[in-house]
Number of protein chains: 2
Amino acid sequence: MARKLLENKDSCSMLHTINIIGTKWKPLILYLLANKSVRFGKLLFFMEGVSRKVLTDQLRELEEDGFILRQKFGEVPPRVEYSLTDKGKSFLPVLKQMCDWTIQWNPEVSFMDCKIVLPAED
Amino acid sequence: MARKLLENKDSCSMLHTINIIGTKWKPLILYLLANKSVRFGKLLFFMEGVSRKVLTDQLRELEEDGFILRQKFGEVPPRVEYSLTDKGKSFLPVLKQMCDWTIQWNPEVSFMDCKIVLPAED
DNA sequence: GCCATAAGTTACTTTTTAGTTACCGCAATT
DNA sequence: AATTGCGGTAACTAAAAAGTAACTTATGGC
């Protein structure tokens, strides 16, 4: 349950970033939530290969770190929707740049556009 | 030895990025190589907590993926220097943006500047 | 002849991460 | 009255990642 993080006594920004987002599933979760809120079951469906336990754990940590919002509706059967907070949204340009970079360097993924559409600035 | 990657039959750019760079140590290695070539022993020293075995594995994979160059000098005792390829260098702006984001959102790391200095464009 | 040195490799053990199965709550449907 | 659906949780097991300790290689210095 307790996360094991890299030592970071000098508060290195790179290490901090890795500790907070550098996992297998977290970037993908933020990516899937980029444009809309999504239900738990949908995330489970989209993220082929993840177990509900691991998904739950990752969502809890993202919530704890202020990236996502968990909204529970008082219905039966239960409905829970996850969405990005402002902090979560502010991370999207980073993910976008990562995807852009990947498309540039990997012809085999170039046909697929990055799903992240950044909201227009004002 | 064989890496275990996420399924990605639709060639999703996000998944691809995670598969190629989304690990504990790889971003940090690229970060440490940002401005100069570095010897194996130095990397081991800088990366507190990593074992030589894991460092070797990560370096091999980064080399395999074209991010870094391994230069072996014919000396005894041996000297091996690692440096970024063009592909590796092209990933630096992504890491830079990650660090910038982290500094923005985490006051406790704000005093420390990101070590990555991007080469001037022409 | 023996030791030190740098960058590994190998075989083995430990730790960490992830998956599995069973179960819960509760209203609506059958 | 039993069943379905969703979003979990708990206890347990399996798999993956990482750590450890010993060994290697070849030369120069003592």
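By convention in this document, chain letters (A, B, ...) are assigned in the order of the sequence lines, proteins followed by strands, and residues within each chain are numbered from 1.
Residue A:Y82 is classed as a sugar-phosphate contact, given heavy-atom separations below 4.0 Å to backbone atoms only.
Counting to the nearest Å, the P atom of D:dG7 and the CZ atom of A:R70 are 10 Å from each other. With rounding to whole Å, A:L6 atom CG is found 13 Å from C:dT16 atom P. Between the CZ atom of B:F73 and the P atom of D:dT27 there is a distance of 18 Å, given to the nearest Å. D:dA10 atom C1' lies 12 Å from atom CG of A:D57, rounded to whole Å. When rounded to the nearest whole Å, the span between CZ of A:R39 and C1' of D:dG8 equals 13 Å. Remark: P of D:dT9 and CG of A:L55 are 11 Å apart, rounded to the nearest angstrom. Rounded to an integer number of Å, the gap from CD of B:E48 to C1' of D:dA18 is 16 Å. The separation between B:K26 atom NZ and D:dA17 atom C1' is 13 Å, rounded to whole Å.
When ring centroids are compared, A:W101 and B:F67 come within the 6.0 Å threshold.
Here A:R79 does not reach the OP1 or OP2 of D:dG5: none of its side-chain N or O atoms lies under 4.0 Å away. Taking side-chain N and O atoms only, A:R60 has a distance below 4.0 Å to OP1 or OP2 of D:dG8.
The pair B:D65-B:R3 meets the salt-bridge criterion, with a side-chain N (NZ, NE, NH1 or NH2) lying under 4.0 Å from an Asp/Glu carboxylate O. One finds a salt bridge joining A:K9 and B:E48 here, because a Lys/Arg side-chain nitrogen approaches an Asp/Glu carboxylate oxygen to under 4.0 Å. Salt bridge present: B:E61 and B:K26 bring a charged side-chain N and a carboxylate O closer than 4.0 Å.
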Each nucleotide of nucleotides 18-30 of chain C classed B (base within 4.0 Å of a protein heavy atom), S (only sugar-phosphate) or -, in 5' to 3' order, makes BBB----BBB---
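A tilted orientation is assigned to the rings of B:F40 and B:Y82, their planes being inclined by 30° to 60°.
Going from atom OG1 of B:T23 over to atom CD of B:Q58 covers 4.5 Å, rounded to the nearest 0.5 Å. Taken to the nearest 0.5 Å, the CE atom of A:M14 stands 10.5 Å off from the CG atom of A:N8.
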